[in-house]
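Okay, structure first, notes after.
FYI, side chains are in, hydrogens and waters are out, and symmetry mates aren't considered; it's all heavy atoms of this structure. In this text, all values refer to a predicted model and were calculated from it rather than measured experimentally.
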Amino acid sequence: AWVIEPDGTARRIEETPGSAPGTALSQLHVVALAEARPGEMWIGTIGGGIIAVDVASGRTRRLRNAPSLKVSLPDNVVRGLYRDRSGLVWAATNHGLARHDPGQSAVITMFGAPTPAGEEAGRQGIDVSWILPMPGGRMWLGTHGRGIDIIDAQGALVGALRPDASQPLKALPEDIV
């Protein structure tokens, strides 16, 4: 990844040593970018989670799935990033949708990740491929095989468009939307 400076010069972003065990940024497939807060860019990757870059210093840190923590990404395959008008950053992953408040350190899984025992069952196993913001704070989420979920600003499901093999001319395909 590269940063283009205001004077037009470019500098390469290298991960801060020790900040990210695993695959190096230079070897990852980058699919999403978002400014999480002024001066901090998030890089969404396929398999490497999110790499947060302090643009001024070039320092990096990783946000990854940690199965033992409720406050981590639901998956390390990040397909989309979106910062809403209130400043919250949303991440579409292969195992659900996560939300991050830049004023906090946690990443909250809104839905899609497996529900721990004893908790109310939610929408489990949803692969979210993209996020489309709509007026009024709603978001449309493209999924793998489920069509489109429509959520409000709090992450609650308020509508859906589903595949229907019996209506091939009117319905969504049973594939990635």
Legend entry - Nearest atoms (heavy-atom pairs only) where Pro102 meets Ala36: CG-O, 3.1 Å

Inset, instruction - State whether the side chain of His100 and the backbone N or O of Ala106 hold a donor-acceptor pair below 3.5 Å, judged by distance alone. - result: yes

Inset, instruction - Using a strict cut-off of less than 4.0 Å between a Lys/Arg side-chain nitrogen and an Asp/Glu carboxylate oxygen, indicate whether Asp75 and Arg64 qualify as a salt bridge. - result: no

Legend entry - Atom of Gly145, atom of Pro163 and distance for their closest heavy-atom approach: O-CG, 3.7 Å

Inset, instruction - Provide the full list of ring-ring contact (aromatic ring centres under 6.0 Å, His included) pairs with a residue in residues 141-171, sequence neighbours left out, each pair given once. - result: none

Legend entry - Residue pairs fulfilling ring-ring contact (aromatic ring centres under 6.0 Å, His included) with at least one residue in residues 146-177, sequence neighbours excluded: none

Inset, instruction - For Arg99, check salt bridge (charged side-chain N to carboxylate O under 4.0 Å, His left out) against everything at least two apart and list the hits. - result: none

Inset, instruction - Examine distances only and state if a side-chain atom of Arg59 and a backbone atom of Val53 form a donor-acceptor pair shorter than 3.5 Å. - result: no

Would you tabulate the side-chain donor-acceptor contacts of residues 150-161 under 3.5 Å, counting partners in other chains and residues two or more places apart, or write 'none'?
from	atom 1	to	atom 2	distance (Å)
Asp152	OD1	Gln154	N	2.9
Asp152	OD1	Gly155	N	3.1
Asp152	OD1	Ala156	N	2.9

Inset, instruction - With sequence neighbours left out, write down each residue that passes salt bridge (charged side-chain N to carboxylate O under 4.0 Å, His left out) with Arg37, or none if nothing qualifies. - result: Glu40

Inset, instruction - List, by chain and then residue number, the residues other than Val78 in its hydrophobic cluster (Ile/Leu/Val/Met/Phe/Trp/Tyr, side-chain heavy atoms under 4.5 Å); write none if there are no others. - result: Trp42, Ile50, Leu63, Leu73, Leu81, Val89, Val107

Inset, instruction - Just jot down the side chain to side chain contact (heavy atoms under 4.5 Å, CB included) partners of Ser68, sequence neighbours excluded, or say none. - result: none

Legend entry - Results of side chain to side chain contact (heavy atoms under 4.5 Å, CB included) for Ile46 - residues two or more places apart only: His29, Val31, Val77, Arg79

Inset, instruction - Indicate yes or no for a side-chain donor-acceptor contact from Thr93 to the backbone of Leu97 under 3.5 Å, with no hydrogens or angles considered. - result: no

Legend entry - Minimum side-chain heavy-atom gap Leu28-Ile51 below 4.5 Å: yes

Legend entry - Nearest-0.5 Å distance, CH2 of residue Trp130 to OG1 of residue Thr143: 9.0 Å

Legend entry - pair Met134-Met139: side-chain heavy atoms closer than 4.5 Å: no

Inset, instruction - For Ala66, check side chain to side chain contact (heavy atoms under 4.5 Å, CB included) against everything at least two apart and list the hits. - result: Leu69, Ser72

Inset, instruction - With sequence neighbours left out, write down each residue that passes side chain to side chain contact (heavy atoms under 4.5 Å, CB included) with Ser86, or none if nothing qualifies. - result: Asp84, Leu88

Inset, instruction - Looking only at non-hydrogen atoms, find the nearest pair between Leu172 and Gly147 and report the distance. - result: CD1-CA, 3.8 Å

Inset, instruction - Write out all pairs satisfying ring-ring contact (aromatic ring centres under 6.0 Å, His included) with one or both partners inside residues 45-93, taking only residues at least two apart or from two chains. - result: none

Legend entry - Set of residues satisfying side chain to side chain donor-acceptor pair (under 3.5 Å) with respect to Asp54, sequence neighbours excluded: Ser57

Inset, instruction - To the nearest 0.5 Å, tell me how far His95 NE2 sits from Asn76 CG. - result: 10.0 Å

Inset, instruction - Any chance you could measure Ile43, atom CD1, to Arg62, atom CZ, to the nearest 0.5 Å? - result: 9.5 Å

